[in-house]
Colleague: 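Okay, here's the structure, questions in a sec.
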Number of protein chains: 2
Amino acid sequence: MNIGEAASQSGLPPKTIRYYEGCGLLDAPARDENGYRRYSSADVHMLRFLQRARGLGFTMADCQELLDLYRDKRRSSADVQAVARRQLAEIDRKIAELRSMRHTLADLIERCHGDERPDCPIIDDLAGIAAPADAMEPRR
Amino acid sequence: MNIGEAASQSGLPPKTIRYYEGCGLLDAPARDENGYRRYSSADVHMLRFLQRARGLGFTMADCQELLDLYRDKRRSSADVQAVARRQLAEIDRKIAELRSMRHTLADLIERCHGDERPDCPIIDDLAGIAAPADAMEPRR
DNA sequence: GATGGGGCTTCCAGTTACTGGAATGTCAAG
DNA sequence: CTTGACATTCCAGTAACTGGAAGCCCCATC
C-alpha cells in the first residue's frame, strides 16, 4: 500500500510518516518501481503504535525506546513500566503547573469587573501593584 | 543600569530580554557610550510585567496585547478580561488533554506487573492488542 | 603594563514535532 | 490528451527561547 493508505489506516499524516522515517524512528520501507514507498501491514502496526504513543504525550525519544522494547521479545515489562512512569511524572508536573496558572488567572478574572472602566486587577497584578486576594491577610 | 542588573531585578535572563527586544515586544533601550543597554526602572517594570504574564502562560502575542493595554490608560477592563478569559480557556483545554492522557497512562501502569517478564499491557495497548480495562464490558 | 575574569555586544545554530509550500514525477479516468 | 489526485524531494517556518563563538569593555591585581 502507498503512503496515503498507510496514513489513513494509522491516523498519521503522510508528512509525519516521512518525517518519522527521516528521524530514524521508522525503518525506510521498500519502494515500488516508481519510487513510491510501499507499506506492509506490519509497517502500519508500527505507525499506529507511534500514533498512540504520541497521543499519550511520549516524546519521540520515548517512542524510540518503546518501539525498541516492542520489538524486543525478551524485554522486561519493568523497563516498559519505567518509561511510562517517567511520562506519568512529567504529565503530573505539567498538570500541576497549569493548575497553578489556572488558579491565579481565575482569581484575577473574577476580581476584574470587566466593563468600560480602565481600572483592572489583572493589569495591576501583572504590573506588580496589587497582591492577589488569596495572598492577602484574612479579615480577622 | 546594565542588562545584568535589569535581568536580576526582573527575573528574566539577559538573553531573553534581548530576545524580546528583537521581537519588538520591548522598545530598544538607550545605550551608554560603550554600547551597553541602559535600563530605567520603568523598563524594569515592563520586564517584570512580561515575566509575570509569561509565567501565567500567555503567548508572546498575548503579552504584546497586554502590554498595549497596560500602556493605554483609557483601556477598558473588559478588553483585558477578554484576553485573560481566552488564556483560561486554553489552559483548561490543556489540562483536560493531560488529564485524559494521565487517566489512560495510570491505568496501563497499574495493570503492568513491572517485573522481568516480557508480557506487558502497556506495550499491548500501544500495539493495539488489548483494550484498556475501563473500555471493557463490566462483569455482569 | 600585562593579565585575568567578568560582563557586554552581535550573530548563528539548535531545540520539538511537525507543517506548509514549491518544483517535479506518476497514475487512472474521462 | 488533459486533468486531478497522488507521490517524491527539499527548504523554510513555527514558539520561545537557549547555547555558543568571536570580540569589546572594565576593573582589579601582580
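Each chain gets a letter, A, B and so on, in the order its sequence line appears, and its residues count up from 1.
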Colleague: Tell me, please, which residues at least two apart from A:R74 pass salt bridge (charged side-chain N to carboxylate O under 4.0 Å, His left out).
Modeller: none
Colleague: Report the residues that fulfil side-chain contact (heavy atoms from CB on, under 4.5 Å) with B:S100, sequence neighbours left out, ordered by chain and then residue number.
Modeller: none
Colleague: List in chain and number order the residues that pass salt bridge (charged side-chain N to carboxylate O under 4.0 Å, His left out) with B:R37, two or more places apart in sequence or in another chain; answer none if no residue qualifies.
Modeller: B:E21
Colleague: Would you check if B:N2 and B:Y39 make a side-chain contact, meaning some heavy-atom pair closer than 4.5 Å?
Modeller: no
Colleague: Who pairs with A:R102 by side chain to side chain donor-acceptor pair (under 3.5 Å), at least two apart in sequence or on another chain?
Modeller: B:D92
Colleague: Who pairs with B:D62 by side-chain contact (heavy atoms from CB on, under 4.5 Å), at least two apart in sequence or on another chain?
Modeller: B:F58, B:T59, B:E65, B:V83, B:R86, B:Q87
Colleague: Generate the contact string for nucleotides 5-17 of chain D. Rules: B means base contact, S means sugar-phosphate contact only, - means no protein heavy atom under 4.0 Å.
Modeller: -BSBBB-----BB
Colleague: I'd like to check the salt bridge (charged side-chain N to carboxylate O under 4.0 Å, His left out) partners of A:R38; sequence neighbours left out, ordered by chain and number.
Modeller: A:D32
Colleague: Nearest-Å distance, CG (A:L50) to P (C:dT16)?
Modeller: 16 Å
Colleague: Axis-to-axis angle across the helix from C:dG1-D:dC30 to C:dG30-D:dC1, five pairs an end, to 10 degrees?
Modeller: 30°
Colleague: Who pairs with B:R117 by side chain to side chain donor-acceptor pair (under 3.5 Å), at least two apart in sequence or on another chain?
Modeller: B:D115
